[in-house]
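First the structure, in the form of structure tokens, and then the observations on it.
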Amino acid sequence: MFLGVDGGGTKTAFCLVDRGGQVVARAQAASSYYFSHGIELVERVLGEGVDAVCTAAELTPADIEYAFFGLPGYGEAARDLPVLNATPRAVLGHDRYACDNDMVCGWAGSLGAVDGINVISGTGSMTYGERLGRGVRVGGWSEMFGDEGSAHWIAVRGLNAFSRMGDGRLPEGPLAEVFRRHLDLASDLDVIDVVHNQWQGDRGRIAALSRSVTEAAGLGDEAASAILAEAGRELALLVEVTREQLEFGPDETVPVSYSGGTFGADAVLEEFATGLKSRFTHYELQHPLYEPVVGAALYAAKIAGTPLDQPALDALRMASGISASEGKDR
């Protein structure tokens, strides 16, 4: 039994996968992004999630052969690593686990833990890729001065467009009414109260506004459409730099996949795909094979030295609604 844990800026997902490729149980807990709430948050969230997933499976943590914890922010503050590395021990009661950044979950799930590059665009954004046993990360510099192409990045640009529409610096489009309705604004300036006072600048709640930008783009808002297109281009740039750092040869085909809610916007995915083709012809863009939390469980099995065999992987894909012949996107 292998435990996968995929942390994120909005939620933390847990799943147990057995050797036959069956997802035995799932659970969900709050965000484990601790920079805003203190590092003690991590143990509390992991404890709740592990308890819930084990209860659902009618197992105990001792029954878990190996676990992988993908934690947001892992590696971004060196002084915190000893605490983060030790936290799962208190939750599981044993040392059969490994920790790394949640970017590894996206890569392992999307590509089945094989050489290639995965780009993550959820609340934040970054890429992670591996080639010949070496891993490279690009992006993920935080929402304050990075995370280009992420939901938070899209939302902040949407808020900027709304403010410019509100005082006439930008012609008003459907975005303005979408934001007014979604935020229940009595006046446009009330957006300041909502975001700064009521939400206290909460990272996840701001990022969720990216859905309003997508809605406005669907209604023909030019500013919203431009924001989504730029997001796709920024994500393609992340992949290009990762490819260069991994030193893929000019004639090598580079598998690329993606994970995160931002790719639910067709405009982002289409511009991302176009951006890849314009930069390097030997990219093979693929639909994600598995979701990130399942990827975390697969990576746990791989680290333990007992990776799932092909029949188990095929069973897992069928359970996810993806046939063994699917995978290539464009």
Side-chain angles (χ1 to χ4, degrees), residues 1-8 12-28 49-50 53-54 56-57 59 63-70 96-120 122 127-136 239 242 246 248 252-261 263 269 283-330:
M1 194 69 63
F2 302 101
L3 172 65
V5 180
D6 175 39
T12 302
F14 301 75
C15 79
L16 285 166
V17 174
D18 67 17
R19 288 188 176 278
Q22 299 299 314
V23 177
V24 177
R26 294 176 179 267
Q28 185 172 301
V50 170
V53 77
C54 285
L59 299 172
D63 296 314
I64 297 170
E65 182 172 341
Y66 209 86
F68 178 74
F69 293 82
R96 300 188 301 277
Y97 67 86
C99 298
D100 207 323
N101 194 279
D102 60 304
M103 64 188 180
V104 178
C105 304
W107 164 78
S110 291
L111 293 172
V114 302
D115 283 2
I117 300 168
N118 182 65
V119 58
I120 305 162
T127 56
Y128 179 75
E130 287 197 7
R131 178 176 180 267
L132 303 177
R134 185 168 73 92
V136 165
V239 172
T242 308
L246 285 170
F248 279 98
E252 285 186 83
T253 297
V254 184
V256 175
S257 195
Y258 49 90
S259 54
F263 287 104
L269 182 56
Y283 284 124
E284 182 180 82
L285 185 58
Q286 304 177 2
H287 286 293
L289 296 176
Y290 312 98
E291 58 192 296
V293 67
V294 173
L298 293 178
Y299 199 56
K302 182 176 181 177
I303 295 172
T306 54
L308 269 62
D309 60 21
Q310 194 58 53
L313 293 173
D314 291 343
L316 192 55
R317 290 179 69 182
M318 292 297 290
S320 301
I322 304 172
S323 72
S325 63
E326 286 184 285
K328 294 183 181 179
D329 186 7
R330 66 194 75 180

Closest heavy-atom pair and its distance - [X], [Y]:
X	Y	answer
V17	A297	CG2-CB, 3.7 Å
A56	A25	CB-CB, 3.9 Å
R19	A312	O-CB, 3.3 Å
E252	R131	OE2-NH2, 3.1 Å
A27	G49	CB-O, 3.9 Å
E130	F248	O-CZ, 4.1 Å

(request) For A304, check side-chain contact (heavy atoms from CB on, under 4.5 Å) against everything at least two apart and list the hits. (result) F2, Y66, T306

Donor-acceptor check, side chain of [X] to backbone of [Y], threshold 3.5 angstrom: yes or no?
X	Y	result
W107	V114	yes
N118	M103	no
S257	Q286	yes
D18	M1	no
S259	I120	no

What distance do [X] atom [atom1] and [Y] atom [atom2] have between them, rounded to the nearest 0.5 Å?
X	Y	atom1	atom2	value
L16	C54	CG	SG	5.5 Å
D115	L246	CG	CG	8.5 Å
D102	Y128	CG	OH	12.5 Å
L308	K302	CG	NZ	12.5 Å
I117	Y283	CD1	OH	5.5 Å
R26	F14	CZ	CZ	13.0 Å

(request) Would you mind reporting whether E291 and D6 have side-chain heavy atoms less than 4.5 Å apart? (result) no

(request) Kindly indicate whether the side chain of V50, heavy atoms from C-beta on, has any atom under 4.5 Å from the side chain of L3. (result) yes

(request) Mind running side-chain contact (heavy atoms from CB on, under 4.5 Å) on Y97 and I303 for me, showing each step along the way? (result) CA-CA 9 Å; Y97 67 86; I303 295 172; over 6 Å; no

(request) With side-chain contact (heavy atoms from CB on, under 4.5 Å) as the test, would you mind laying out the steps for L313 and L298 before giving the verdict? (result) CA-CA 9 Å; L313 293 173; L298 293 178; 3.7 Å; yes

(message) The test is side-chain contact (heavy atoms from CB on, under 4.5 Å); show your working for L289 and L111 and say whether it passes.
(response) CA-CA 6 Å; L289 296 176; L111 293 172; 5.5 Å; no

(request) Evaluate the criterion side-chain contact (heavy atoms from CB on, under 4.5 Å) for residue pair V104 and F68; output intermediate values, then yes/no. (result) CA-CA 10 Å; V104 178; F68 178 74; 3.9 Å; yes

(request) Evaluate the ring planes of Y258 and F263, with Trp represented by its six-membered ring, and classify them as parallel (under 30°), tilted (30 to 60°) or perpendicular (over 60°). (result) tilted

